[in-house]
Protein chains: 2
Amino acid sequence: MSHPLIGRLERHGSLSGEEKQVLRDISSRTAVYRPREEIVPEGSTPAHSSLILSGFATRHNHSLDGKRQITAFHVPGDFADLHSFLLKKMEDGVAALTECTVAQVAHSDLKEITKNYPYLTRVLWHTTLVDAAVHRAWMTTLGRMEARERLAHFLCEMRDRLDTIGLMQDNSYELPITQEELGDAFGISTVHVNRVLQDLRAEGLITSRGKTLVINDWERLQQVGQYSSDYLHIDQKLERD
Amino acid sequence: MSHPLIGRLERHGSLSGEEKQVLRDISSRTAVYRPREEIVPEGSTPAHSSLILSGFATRHNHSLDGKRQITAFHVPGDFADLHSFLLKKMEDGVAALTECTVAQVAHSDLKEITKNYPYLTRVLWHTTLVDAAVHRAWMTTLGRMEARERLAHFLCEMRDRLDTIGLMQDNSYELPITQEELGDAFGISTVHVNRVLQDLRAEGLITSRGKTLVINDWERLQQVGQYSSDYLHIDQKLERD
DNA sequence: CGATCGCTTGATGTTTATCAATGGATGTGG
DNA sequence: CCACATCCATTGATAAACATCAAGCGATCG
């Protein structure tokens, strides 16, 4: 398996051999987490950032009265809490959805990168900006779209994100996310998620068997979700100089 | 008037004299915008980032069916579209709410900073991460809180943000935002914003005369909004070394 | 002075939450 | 291997939050 972070960053820039070696060096310490296990506790102050090498994970807040808001779903190659490098305190925790292999990148190593590798620094900064761009897209679906549009939008987003890492084939992908988690991400009750997904199936837009999701009508699903992949900045290249 | 950006960044780190001079140099080109004028058009690819020196501004998306989602309200000292330095294409536009004086910082200058001033680079990166942290807090209110809680939360947030730049006195501040704009930010119809604000007034939590907002019961307003200022990372210091 | 803007109010309809219960699938200890 | 528990998807009935439509009203402005 090629290195997920290097693969990811190479889509956003052209790394030198030295830079690739640096990335390999700082991500050599790995850990494995079981499903539902906390990778980064909510409210903690980690000394390293967690790069997902394999598996799916969530990032989530809890409101003061205990309700959970999932702020991101993470897939292999995502730097789930790179922002903790500079923000220190994690308002949002990271938890494994499936078994996850995670590289733990020391913040001290990241700081060295900012001192010696300006281009690599910009590439890493860029990944946190894409993360924020996804937040803004989700804000728009949360604030201005109905439940079926939100879910359709998300299914489109996952298709494109998984496609770039080779986890989508024939408009089908594995989505190890329960209906309760979808509800917590998109501000919908579990019951309503269930009914909306049934509608999308009944209209012939999607099929699902177990955790496998099939997109049967990509065009119409994008229309329903008012989806455009622009905000993911897939394959946007950062110039070196 | 002291320089708003330097004031802002000095709360997040300790800048050297040389670094302060660099910041002054790159933000010397200014422009003035009238209320409602676009500062950064939605979908554009600016060659510079806009730093608000004075005035209030919004950042906003439009869903494909034309509904507006406001993703941020900006106050003096905010680098409204610093993310356009690396993301290039602006999915969200910036528009003036009041008359705004804006410093236009060339992306080429920002790139030079990343090459020569690692500490300054981290401080700038940090500001984009705080921006994203606010997005996540808003996502939580959008997804998991009711209209009156969302608005109460926002009024608390503005109190603290305006306090740090000296625009809050005696639990009172100027809020040049219409009820329609509040609705577009928090996923609520204008009519409902109006009724919720009336409720908050009737309960004695706030008073408003024209654009002036007074917080009459800070404790209870925070409770209603389930607010804690942690996510704003006010006065968090980044170590130099 | 008409026009526009922002705020307000009332009446009605829709989306979605909540509560409660069921059933299949999976896993676990005895 | 079975009894039991747990998780997740599903269904029906009722209630709440909020949107939409429509109209009026004061302030401001060219």
Side-chain angles (χ1 to χ4, degrees), chain A residues 34-37 56 58 63 65-70 95-99 141-153 155 174-202 206-213 224, chain B residues 34-37 56 58 63 65-70 95-99 141-153 174-202 206-213 224-225:
Chain A
R34 310 253 75 217
R36 290 153 175 273
E37 197 175 348
F56 284 67
T58 62
S63 62
D65 65 353
K67 287 180 223 153
R68 175 173 66 165
Q69 172 70 39
I70 291 175
L97 282 171
T98 63
E99 176 164 307
T141 75
L142 281 166
R144 285 285 166 238
M145 285 162 66
E146 297 188 347
R148 64 182 247 111
E149 307 177 273
R150 287 180 216 173
L151 290 175
H153 188 278
L155 296 176
E174 297 300 302
L175 191 68
I177 301 177
T178 67
Q179 295 183 354
E180 184 180 2
E181 285 150 355
L182 286 175
D184 284 347
F186 299 105
I188 310 165
S189 70
T190 309
V191 171
H192 201 56
V193 170
N194 184 282
R195 296 198 231 257
V196 168
L197 288 178
Q198 285 183 59
D199 287 348
L200 293 177
R201 285 193 288 251
I206 60 171
T207 314
S208 56
R209 285 175 237 102
K211 294 295 169 207
T212 305
L213 188 110
V224 169
Chain B
R34 308 255 76 215
R36 289 150 176 276
E37 196 174 349
F56 284 67
T58 62
S63 62
D65 66 353
K67 287 179 224 156
R68 175 173 66 165
Q69 173 69 40
I70 291 175
L97 283 170
T98 62
E99 177 164 305
T141 75
L142 281 167
R144 285 285 166 238
M145 285 163 65
E146 297 187 347
R148 63 182 248 111
E149 307 177 273
R150 287 180 217 171
L151 289 176
H153 188 278
E174 298 300 302
L175 191 69
I177 300 177
T178 66
Q179 296 184 351
E180 184 179 4
E181 285 150 356
L182 286 175
D184 284 347
F186 298 104
I188 311 164
S189 69
T190 309
V191 171
H192 202 57
V193 170
N194 184 284
R195 295 197 233 256
V196 168
L197 288 178
Q198 285 182 59
D199 286 349
L200 294 177
R201 284 192 289 250
I206 60 170
T207 314
S208 56
R209 286 176 234 100
K211 294 296 169 206
T212 304
L213 188 111
V224 170

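Just so it is clear, the structure is predicted and the values come from calculations on it, not from any experiment. Convention: sequence-line order gives letters A, B, ...; per-chain numbering from 1.
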| Closest nucleotide among D/dA17, D/dT11, D/dA9 to the B/Glu146 side chain | D/dA17
| query | Which part of the nucleic acid, if any, lies within reach of B/Gly187 when heavy atoms closer than 4.0 Å are counted: base, sugar-phosphate only, or nothing? | reply | sugar-phosphate
| Looking at five pairs on each end of the helix from C/dC1-D/dG30 to C/dG30-D/dC1, what is the angle between the two axes, given to 10 degrees? | 40°
| query | Counting N and O atoms only, with roles assigned by atom type, does the side chain of A/Arg150 sit under 3.5 Å from a partner on the main chain of A/Met145, one being a donor and the other an acceptor? | reply | yes
| request: To the nearest Å, give me how far apart CG (B/Asp199) and P (D/dC18) are. | output: 11 Å
| query | Hey, does the side chain of B/Lys211 come within less than 4.0 Å of C/dC7's phosphate (OP1/OP2), counting only N and O? | reply | yes
| said: Output the rounded distance in Å from NZ (B/Lys67) to C1' (D/dC18). | reply: 13 Å
| field | Close residues, residues 189-196 of chain B, relative to DNA chain D [heavy-atom separation under 4.0 Å] | value | B/Ser189, B/Val191, B/His192, B/Arg195
| query | Judged by atom type as modelled, is there a donor-acceptor pair below 3.5 Å linking the side chain of B/Thr98 to the main-chain atoms of B/Phe56? | reply | yes
| query | Whole Å only: how far is the CD1 atom of A/Ile188 from the C1' atom of D/dA16? | reply | 17 Å
| Heavy-atom donor-acceptor pair, B/Arg36 side chain to B/Ala95 backbone, under 3.5 Å | no
| Are any side-chain N or O atoms of B/Gln69 and backbone N or O atoms of B/Ala185, one a donor and one an acceptor, separated by less than 3.5 Å? | yes
| task | Would you mind classifying the nucleic acid contact of B/Arg36 as base, sugar-phosphate or nothing, using non-hydrogen atoms under 4.0 angstrom? | result | sugar-phosphate
| task | Would you indicate what B/Arg201 reaches in the nucleic acid, counting non-hydrogen atoms under 4.0 angstrom: base, sugar-phosphate, or nothing? | result | sugar-phosphate
| note | Whole-Å distance, B/Leu182 CG to D/dC18 P, equals 15 Å
